[in-house]
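One structure is given below, encoded as structure tokens.
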Amino acid sequence: MKRLANYRRPLLGGILLGTMISFAVLVFADIRAVASVFRSIDSAYLPLILALAPLNYLLRFVKWNYFLRLSGINPQPRINRYIFMSGLSMTITPGKVGELLKCFLLKEHVGAPVSVTSSIVMAE
């Protein structure tokens, strides 16, 4: 569990940096244009929109666990959640190549070979 504590500070720093960048974009962008986009969204669809994104991540997590089980890789549930969520932070990289971070985290925490886990990441 000491290893997980090592990730807290970078994670919080990344969240803070992302929030600051988002705020800066809103300040320096055309605020009227941004506001008009938000006003154009039909509020009846907002709960559906807000529910579908977490549902997508939940379904991906179920698929991730299924593929890990098929490969005989069984990380602790808590570490497995952290590894999966760390990969989500890398989905904005070109081709989602950053999600291969999961492979290296599985190797570090479980000893799973990257040659096996990389195919799981690509299939997922």
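Positions are given from 1, in the same order as the sequence printed here. Please read these numbers as outputs of a predicted model, since none were measured by experiment.
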Result of checking Thr117, Val116, Leu106 against Ser71 for side chain to side chain contact (heavy atoms under 4.5 Å, CB included):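 Among Thr117, Val116, Leu106, the one that satisfies the side chain to side chain contact (heavy atoms under 4.5 Å, CB included) with Ser71 is Val116.
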
Between [atom1] of [X] and [atom2] of [Y], what distance do you get to the nearest 0.5 Å?
X      : Y      : atom1 : atom2 : answer
Ser115 : Lys107 : OG    : NZ    : 8.5 Å
Leu48  : Asp42  : CG    : CG    : 11.0 Å
Cys103 : Glu108 : SG    : CD    : 13.0 Å
Arg81  : Phe61  : CZ    : CZ    : 6.5 Å
Leu58  : Leu52  : CG    : CG    : 12.0 Å
Ile83  : Leu88  : CD1   : CG    : 12.5 Å

Please answer: with hydrophobic residues joined when any side-chain heavy atoms are less than 4.5 Å apart, are [X] and [Y] in the same cluster?
X     : Y      : answer
Leu68 : Leu59  : no
Val97 : Leu105 : yes
Tyr57 : Tyr66  : yes
Trp64 : Met122 : yes
Phe23 : Ile21  : no

For Leu101 and Ser86, work out which heavy atoms get closest and say how close.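 Nearest heavy atoms, Leu101 then Ser86: CD2-O, 4.0 Å.
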
